[in-house]
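Working notes, beginning with the structure itself.
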Amino acid sequence: MAMKISTPHGEKNESKGRMAMKRYWLVKSEPGAFSIMDLAAAPDQRTSWDGVRNYQARNFMRDDMRIGDEVLFYHSRTSPGVVGVARVVREAYPDHTAFDENDPHYDPGSDPATPRWYMVDIRLVRMFDHAVSLKTLRGIPELQAMTLLKKGNRLSVMPVREEEFSLIVDLATQTGQPT
DNA sequence: GCCAACGTTGGC
DNA sequence: GCCAACGTTGGC
């Protein structure tokens, strides 16, 4: 009997011996809570992306994020914009901060036997010399389909198209960037 | 600091 | 299952 392989998106990215397709993401953080400077200063320039308490964001991390995927690091609220790139270095595992009643993200509904919340680990790849501001992103026609730019969007972990990722990295590399 | 938009909760 | 109330996010 032949083994059937299916994934949430119907892609054969786990067939044996086949290279998995690399994906691109964007994660948000309020710099007051955890900034890209904090990531740069962390041991091994690495952190667990804990505290996500939104099911859609959790599903992206738990079901779709793979080691090697690249991640745009976005600062929200304070001078909002993309400030650098990170990489997924560990795939989803239970977010233990949900079990800690002293943690601000404690969730009494999540118990260790059946964890409700998951996190991945990311490592800094590069910090941009010049942030690509939200205002700049809004001015670029090719980026208008991004979830990030949708009105009222509050997702803190979201997929990004490869072309969007590349374009934003290119913008960060250009000089004379309006801020 | 304001407030619109959103996700979650809970009464019914 | 509906939906009003509530707490949170995040741009401005």
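Atom set for the values below is all heavy atoms of this structure, side chains included, hydrogens, waters and symmetry mates excluded.
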Taking [atom1] from [X] and [atom2] from [N], how many angstroms apart are they, rounded to a whole number?
X: A/L134; N: C/dT9; atom1: CG; atom2: P; answer: 18 Å
X: A/K135; N: C/dG11; atom1: NZ; atom2: C1'; answer: 14 Å
X: A/R116; N: B/dG7; atom1: CZ; atom2: P; answer: 17 Å
X: A/R58; N: B/dT8; atom1: CZ; atom2: P; answer: 10 Å
X: A/R53; N: B/dT8; atom1: CZ; atom2: C1'; answer: 15 Å
X: A/W117; N: B/dT8; atom1: CH2; atom2: P; answer: 7 Å
X: A/D107; N: B/dT8; atom1: CG; atom2: P; answer: 11 Å
X: A/L137; N: C/dC12; atom1: CG; atom2: P; answer: 11 Å

### Query
Where the side chain of A/R138 is concerned, which of C/dC12, B/dT8, C/dG10 is the nearest nucleotide?
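The listed nucleotide nearest to A/R138's side chain is C/dC12.
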
### Task
Identify whether the distance between the nearest side-chain nitrogen and carboxylate oxygen of A/R116 and A/D107 falls below 4.0 Å.
yes

### Message
If you take the centroid of each ring, where Trp contributes its six-membered ring, are A/Y55 and A/W117 closer together than 6.0 Å?
### Response
yes

Side-chain donor-acceptor contacts of residues 40-52 of chain A below 3.5 Å, not counting sequence neighbours, with atom names and distances?
unit_1: A/D44; atom_1: OD2; unit_2: A/R123; atom_2: NH2; d: 3.1
unit_1: A/Q45; atom_1: NE2; unit_2: A/A40; atom_2: O; d: 3.2
unit_1: A/R46; atom_1: NH2; unit_2: A/D121; atom_2: OD2; d: 3.2
unit_1: A/S48; atom_1: OG; unit_2: A/D50; atom_2: OD2; d: 3.4

Could you tell me whether a side-chain N or O of [X] sits under 3.5 Å from a main-chain N or O of [Y], the two making a donor and an acceptor?
X: A/R23; Y: A/M65; result: no
X: A/S29; Y: A/F34; result: yes
X: A/K28; Y: A/H75; result: no

### Query
So, is A/K28 close to the C/dT9 phosphate, meaning a side-chain N or O under 4.0 Å from OP1 or OP2?
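Answer no for this pair, as no side-chain N or O of A/K28 is under 4.0 Å from OP1 or OP2.
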
### Message
Does a side-chain N or O of A/Y74 approach OP1 or OP2 of C/dT9 to a distance below 4.0 Å, or not?
### Response
no

### Query
Going only through I, L, V, M, F, W and Y residues with side-chain contacts under 4.5 Å, is there a path from A/M37 to A/V82?
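They do share one cluster, since a chain of ILVMFWY contacts under 4.5 Å joins A/M37 to A/V82.
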
Polar pairs (N or O, both sides) under 3.5 Å between protein and nucleotides 1-5 of chain B?
unit_1: B/dA5; atom_1: OP1; unit_2: A/K151; atom_2: NZ; d: 2.7
unit_1: B/dA5; atom_1: N3; unit_2: A/R154; atom_2: NH1; d: 3.4

